[in-house]
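Every chain is numbered from 1 and lettered A, B, ... according to where its sequence line falls, protein lines coming before strand lines.
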There are 4 protein chains.
Amino acid sequence: MSIFEELESEVRSYSRGWPVVFDRAQGSWLHDEGGKPYLDFFAGAGALNYGHNNPKLKAALIDYIQRDGVTHALDMFTVAKRDFLETFKEKILGPRELDYKVVFPGPGGANAVEAALKLARKVTGKESVINFTNAFHGMTLGALSVTGNSMKRGGAGVPLVHATPMPYDRYFDGAMPDFMYFEKLLEDSGSGLNEPAAVIVEGVQGEGGINAARLDWLRGLSDLCERHGILLILDDVQMGCGRTGAFFSFEDAGIKPDMVCLSKSISGYGIPMALTLIKPELDVWEPGEHNGTFRGISPAFVTATESLRTYWSDDELEKSTKAKGERIAAAFKDIVEAHPDANLFAKGRGLARGIEFADGDLAGAVCKAAFERGLLMETSGPNGEVMKLLPPLTLTDDELTQGLSIIDESITTVLSK
Amino acid sequence: MSIFEELESEVRSYSRGWPVVFDRAQGSWLHDEGGKPYLDFFAGAGALNYGHNNPKLKAALIDYIQRDGVTHALDMFTVAKRDFLETFKEKILGPRELDYKVVFPGPGGANAVEAALKLARKVTGKESVINFTNAFHGMTLGALSVTGNSMKRGGAGVPLVHATPMPYDRYFDGAMPDFMYFEKLLEDSGSGLNEPAAVIVEGVQGEGGINAARLDWLRGLSDLCERHGILLILDDVQMGCGRTGAFFSFEDAGIKPDMVCLSKSISGYGIPMALTLIKPELDVWEPGEHNGTFRGISPAFVTATESLRTYWSDDELEKSTKAKGERIAAAFKDIVEAHPDANLFAKGRGLARGIEFADGDLAGAVCKAAFERGLLMETSGPNGEVMKLLPPLTLTDDELTQGLSIIDESITTVLSK
Amino acid sequence: MSIFEELESEVRSYSRGWPVVFDRAQGSWLHDEGGKPYLDFFAGAGALNYGHNNPKLKAALIDYIQRDGVTHALDMFTVAKRDFLETFKEKILGPRELDYKVVFPGPGGANAVEAALKLARKVTGKESVINFTNAFHGMTLGALSVTGNSMKRGGAGVPLVHATPMPYDRYFDGAMPDFMYFEKLLEDSGSGLNEPAAVIVEGVQGEGGINAARLDWLRGLSDLCERHGILLILDDVQMGCGRTGAFFSFEDAGIKPDMVCLSKSISGYGIPMALTLIKPELDVWEPGEHNGTFRGISPAFVTATESLRTYWSDDELEKSTKAKGERIAAAFKDIVEAHPDANLFAKGRGLARGIEFADGDLAGAVCKAAFERGLLMETSGPNGEVMKLLPPLTLTDDELTQGLSIIDESITTVLSK
Amino acid sequence: MSIFEELESEVRSYSRGWPVVFDRAQGSWLHDEGGKPYLDFFAGAGALNYGHNNPKLKAALIDYIQRDGVTHALDMFTVAKRDFLETFKEKILGPRELDYKVVFPGPGGANAVEAALKLARKVTGKESVINFTNAFHGMTLGALSVTGNSMKRGGAGVPLVHATPMPYDRYFDGAMPDFMYFEKLLEDSGSGLNEPAAVIVEGVQGEGGINAARLDWLRGLSDLCERHGILLILDDVQMGCGRTGAFFSFEDAGIKPDMVCLSKSISGYGIPMALTLIKPELDVWEPGEHNGTFRGISPAFVTATESLRTYWSDDELEKSTKAKGERIAAAFKDIVEAHPDANLFAKGRGLARGIEFADGDLAGAVCKAAFERGLLMETSGPNGEVMKLLPPLTLTDDELTQGLSIIDESITTVLSK
């Protein structure tokens, strides 16, 4: 392991909790170089909704590479991009009556966020943005300025100044009506709140602690934005592509955000790809005003297209995700009730699930215990106090049973210490 | 072509100059869906130094995918990453006596720049950065703030404020001694220049118009930074990986920057990947202080490793690049002399070459004429006045001959209008 | 009046509501050039607490000028400054057990605020500041950034970014516990709130609409700041010097802010002067790190000293101010009850009093009606919906009776239209 | 002296070099409380161009106070303001064919600068401003951001970001053509220079080291601004009101800036007052968009009016100032030549004069030696290396002789150590 310690920066993090060297992967499983299998309930932090090296996607990918399909094409027109756009329209936008144009903002989720923020400011002529407590939107300067985590913000080295945080859903456990504070500041011309260009929000906050906004709250936010002429940016980088059941995390709320950020599982195979969806009337860019080298990675288009065809031609995956989510919810309910003194709290929607512990040490200890039992899980939340589950949507019932059993055992072990 | 017009944002740019749909690619050639071949002298804006779908890299890639090597691994330890780090040390860092630690900052060049800027500010406690006239460092907010192009800057929608531009080499055609202005501002405590954390510079400015800094100038800059305790960040995203001959564009100057940004051709195959190299004493990150989803794309590590083994085990590619660069220089000299009234100006180093025209319309017309003759080239420079060549380093002498001939013909046609 | 229209900028404001040319003034009265008297219930927006051209202060002032006492002395030592400092210590700081050092920050209230903000940032190494909804702290860039009024903020021409507004006392009419929001954001490391260097607050918000914070709320704020290591800056520019009864508006709350800003009535005679009081441990300035031309205006020291001796050697003025305040409160209660359909709302503390109308047009009409009857009053609040009274503290009972009668009549006239 | 040490903040500066307590003042003389006279060649840092307690002004002032002329009038219309405006038009604007409207921006020079910057940004919709090396414009956040001194800038506690410094006249001793750098950055759309709303400049830099711009340079700057549509703000706070001979420091250059900032000597008697003069077409303020408590100090209007009548009805003062300036220049030439090894350098224009020493210690020692001989002088320049003379314009020839003799003696004493 010495080359990692010798050469890789101290900024590395996941390898600290999982100090083995991984080699192969298939479906819900990662294998270390000694061949030991790990059940992966982290799934690339949501980048592997269809599992590792999904066979259907793999076949399409290899076929494309074999036939020397163009790999890197900047933002030129390609057959691979055309297939993707047509499929995205047919399988995703059309059936949901969503009228969006597609920006290829660069390879990662932060690029999708940066492009959305830039466009919102350009369209409105305003610079300020509203974000939410415990939001996570990325590490580049624009995305970081709307991210909540103070340690990560501190890394910026410049004041992060163009955003004002508002309370996410249930931030005060109902002690304060939804949006009362936000709306009052907007309506009061003396409030000192800079008039916002946009609101940026996640349907479920993953990094923030698996905080699932109620659908009513999302609708309320959408209404508020419409009433005040504020653009609504829905960051579905982690919660999109079916993580909560429906393709978009906001679908069940019946809202239509002005912009949507997608990345992580959009390519389906773990290859970097991102999209910023924008309402057509917002498409006021100059050609090349936002650009980048990795906006047309055809292998990603190919696996993305294949994933849409395979999983989004019917509602089977959506139903299965919701059903498995309910299974986890039920299992977590049992766990919470089994440890009444531990003040556990089950959270989440679809296959984004978590249990909140009293502190980050406990949650960390549970993840460590699970790792020792062959299960990969991570913590989230401002103090790492939430044990977080983001399994592949394609995991089998048996794998889910197995994982839940390890979780149960790990929690019991940790709490009984 | 209608799905592109219907769904893809107006921000698209390259497809406007090359209105065909590409499908396959091999070596120096792109083929449109009708099978028409195009000689590619743009090479993914420098992301394809080893050509399209390089056979050796392709074989390693397919092999890795076939055997279900882990694809997406965040920043976990993997066999693929270990191979890459060991090879990078053996083939690149070691022979050059460069002592760097490696940050995986995210998938693109802008991530490499953002990470460098963040770290420079954290280490120094200062927020200001010096950039250079006509610099290009990326489109995310931090990277955009050190980029020169006013149209792209205007897209930010917030004031870009933490950088001060200094004149790049030969900005005044020798009318002003190197660094006179910069050094005076630094030494004068009343100058009003905020004390800089870092200087960020490209060895050759590609987007800025193929401006190749003299090696003396780079040495002077490195000295100045050392004297004043300013960190030197060398953005080798476009000019690294052999574009100027040596692996790093700064090698021939004999300097050792404090940080180096790599991306584009580092994976060798066009798959998104980026590195920020930092001197060990600068490695003061907290674990996870900078993170991201796409920092461990194993297929990119695999092709990167293969490219290093194939092309950087000896100095053959370096020599060939320089030799071909000289061939272009000679050909350009002839072209310039053949059109004495046109005030053409040949520029560049290695296989980053350009001819400056009197205005952007002429340069654009030349690129259009070349496209009609089956050659892909782009313009650069603040007004698009520079015809830019970034061919694959692996192009054959025949391909170079063919390309130069098209260029010659295109220029003659345009200038004789 | 043509020279004003010809030469004075459109930014002028008070002259629009009171379109006469004033010439002389005495006590509570202003006289226009035709000799018509106006009862002044605005008192220089709080700069004339001891009335116009107060005879005792006038005598001291003329004596000083006559004997060629130094007028302008930068921050040199002068006899006039020594007298002021000794008297300020003896009459104000000592009896209240306040241990402050005195910064002479420049001639106006905004200078006092700018100096406080600079010092708070220097001491803490943090840049962010918490201000309150409807705050007013001045028009220079630093002070404006913590001011609420959107029209005035819009005048900055740059984003005002280093402050986050929190709800002032009773901003939600009790729907939300005091400081719940603020404290939660501070305690949650993922809230996205930049860690604040300081909180800046007014004891009573004058420009914001005569919002008088409850003493409990001020105590709560002071406690919160102490718990979280945030500096508390009390801007007493308008509400200090006895406006609420006690010399400082925060005295009755029993708190000791880390910094206090004074100006307006501190010179007593309307001559520009300002102070920033700072706890001794905060006095970390370098000599000259903050400076300015008008920090040592001796005539202002002379009248300031005389005003302290005359009015703050005993508690007579304080008692009288509170008593007159209660008279106004009682009269306003009658007025509110006499117009039950008008939804009037009486506000204020001491001799800072107001009546809130349903909208700014009504409040403006009342002020206009009062002006026609020889009474000067202004509106405040985000929409100008509050009729504001800031009479000289030295007004007589008869003058108060006369003023209240005009107000009663003006309101009745306007509301009966 | 203990009350000063006990109560006054460490930020005090002038009192450190002149550790006596001043009491009375007349003309060119300050007297300490023991009666010892000091010849004042600092004159309130330029605030006392007509001397201390000028008898004509004093008479008008006492008369006004005696008759209870309104003292503090916000921005109401007053007889005193009318007199001032009429006189300013008649004596200053009219004869110079200057068409300006007058903003009363607040009591000090920084207010004049803040108002100019705000208006320039509002008018142009741009946020960036060009300032010059070694500029001084004030201590409030907006003014500080265009000030050069790094110690003072460091006091801001937030990054000062909306200005870019350009080289002042002769910054490179002729090694670089005037404005070459500035103009190139403006013309190059890829330079990375944010498009500026305005340029702010001093006719002579006082704090920066008595750097007197050549008239040609000022004309060149004015031309450049006009060509590029940039507003030119002339900060004449210290160098206006006759300091260089003419009323405005820019008059001799024949230019007409878009805005002019005046303060310091505008009231003539040391009472705080400031003006921002703006071309009529720039007068786009909303009423009250910029305001403040101390914008209508009538005693300052009275002494200002009297000073204009007394000194600007003919060209006597202007001629005398220039003549005395020449006397100093000649005396300084002798001094410089008398100490050939000391590398002295004489600087300045009109009655703003200086001698540059090799370092700040020498200049400081000279000022100390002069103080011991009864002469008040200060240093300026980034390292305090310039001995600075700003005597009252009204000083007599004898006083000048006496002062020059002390200076000569002090320099000789210091240099011979």
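- The parts of C:Leu85 that come within reach of chain D are both its backbone and its side chain, each placing non-hydrogen atoms under 4.5 angstrom from that chain.
- Salt bridge annotation for D:Glu6-C:Lys101: absent, with no cationic side-chain nitrogen under 4.0 angstrom from a carboxylate oxygen.
- In this structure, chain C has heavy atoms under 4.5 Å from both the backbone and the side chain of D:Leu7.
- The candidate with the highest count of non-hydrogen atom pairs below 4.5 Å against chain C, out of D:Leu48, D:Val103, D:Asp32, D:Asn291, is D:Asn291.
- For the residue pair C:Thr293 and D:Lys264, a side-chain donor N or O sits within less than 3.5 Å of a side-chain acceptor on the partner.
- Of the atoms belonging to D:Gln238, not a single heavy atom falls under 4.5 Å from chain C.
- Taking the side chain as every heavy atom from C-beta outward, C:Pro299 and C:Thr71 approach each other to under 4.5 Å.
- When C:Val70, C:Val102, C:Val11, C:Val79 are compared by the number of non-hydrogen pairs under 4.5 Å with chain D, C:Val11 comes out ahead.
- Using a 4.5 Å cut-off between heavy atoms, D:His162 contacts chain C through its side chain alone, with no backbone atom that close.
- Residues D:Glu207 and D:Lys152 are not paired through a salt bridge, judged by the lack of any N-O separation under 4.0 Å between the basic side chain and the carboxylate.
- Put simply, of C:Pro272, C:Gly69, C:Pro107, the one with the most heavy-atom pairs under 4.5 Å next to chain D is C:Pro272.
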Residues 154-161 of chain D side chain polar contacts: donor-acceptor under 3.5 Å, at least two apart:
none

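- In this structure, C:Glu289 does not pair ionically with C:Lys118, as no charged nitrogen and carboxylate oxygen lie closer than 4.0 Å.
- Both the backbone and the side chain of C:Arg12 come within less than 4.5 Å of a heavy atom of chain D.
- Proximity of D:Ile62 to D:Ile65: side-chain heavy atoms (C-beta onward) are nowhere separated by under 4.5 Å.
- The contact between C:Tyr100 and chain D is made entirely by backbone atoms, counting heavy-atom distances below 4.5 Å.
- By a heavy-atom distance cut of under 4.5 Å, D:Arg121, D:Lys126, D:Glu127 are the residues of residues 121-129 of chain D near chain C, going up by number.
- For NZ of C:Lys279, the number of neighbouring non-hydrogen atoms (other residues, nucleotides, ligands) closer than 6.0 Å is greater than 12.
- Contacts between D:Gln26 and chain C at a heavy-atom distance below 4.5 Å involve the side chain alone, from C-beta outward.
- Contacts between D:Leu282 and chain C at a heavy-atom distance below 4.5 Å are absent for every atom of the residue.
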Just list the side-chain donor-acceptor pairs under 3.5 Å for residues 109-116 of chain D, sequence neighbours left out, or say none.
{"from": "D:Asn111", "atom 1": "OD1", "to": "D:Gly108", "atom 2": "N", "distance (Å)": "2.9"}
{"from": "D:Glu114", "atom 1": "OE1", "to": "C:Leu141", "atom 2": "N", "distance (Å)": "2.7"}
{"from": "D:Glu114", "atom 1": "OE2", "to": "D:Thr140", "atom 2": "OG1", "distance (Å)": "2.6"}
{"from": "D:Glu114", "atom 1": "OE2", "to": "D:Gly142", "atom 2": "N", "distance (Å)": "2.7"}
{"from": "D:Glu114", "atom 1": "OE2", "to": "D:Ala143", "atom 2": "N", "distance (Å)": "3.0"}

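- Contact tally against chain C (heavy-atom pairs below 4.5 Å) for D:Met273, D:His290, D:Glu86: the top residue is D:His290.
- Only the side chain of D:Tyr64 comes within less than 4.5 Å of a heavy atom of chain C; its backbone N, CA, C and O stay farther away.
- Of the listed residues C:His31, C:Arg153, C:Arg295, C:Lys81, the one with more heavy-atom pairs under 4.5 angstrom with chain D than any other is C:Lys81.
- When heavy atoms are compared at a cutoff of 4.5 Å, C:Phe136 approaches chain D solely by way of its side chain, counted from C-beta outward.
- Within the 4.5 angstrom heavy-atom criterion, only side-chain atoms of D:Leu30, from C-beta onward, approach chain C.
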Any chance you could lay out the ring pair (Phe, Tyr, Trp, His ring centres under 6.0 Å) test for D:Phe371 and D:Tyr38, step after step, and finish with the verdict?
CA-CA 8 Å; D:Phe371 174 72; D:Tyr38 293 84; 5.2 Å; yes
Applying ring pair (Phe, Tyr, Trp, His ring centres under 6.0 Å) to C:Tyr14 and D:Phe77, what does each step give before you reach the verdict?
CA-CA 8 Å; C:Tyr14 295 113; D:Phe77 295 149; over 10 Å; no
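- With a threshold of 4.5 angstrom between heavy atoms, D:Leu277 does not approach chain C through any atom at all.
- Note: D:His72 and D:Phe294 have perpendicular aromatic rings, judged against thresholds of 30 and 60 degrees for the angle between ring planes.
- Once rounded to the nearest 0.5 Å, the distance linking CG of D:Asp75 with OG of C:Ser13 reads 4.0 Å.
- Atom CH2 of D:Trp285 and atom CG of D:Leu119 lie 5.0 Å apart (nearest 0.5 Å).
- Only the side chain of C:His52 comes within contact range of chain D, with at least one heavy atom under 4.5 Å from a heavy atom of that chain.
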Acceptor/donor pairs from residues 17-24 of chain C side chains to any protein atom, 3.5 angstrom cut, sequence neighbours excluded:
{"from": "C:Asp23", "atom 1": "OD1", "to": "D:Arg67", "atom 2": "NH1", "distance (Å)": "3.3"}
{"from": "C:Asp23", "atom 1": "OD1", "to": "D:Arg67", "atom 2": "NH2", "distance (Å)": "3.0"}
{"from": "C:Asp23", "atom 1": "OD2", "to": "D:Arg67", "atom 2": "NH1", "distance (Å)": "3.4"}

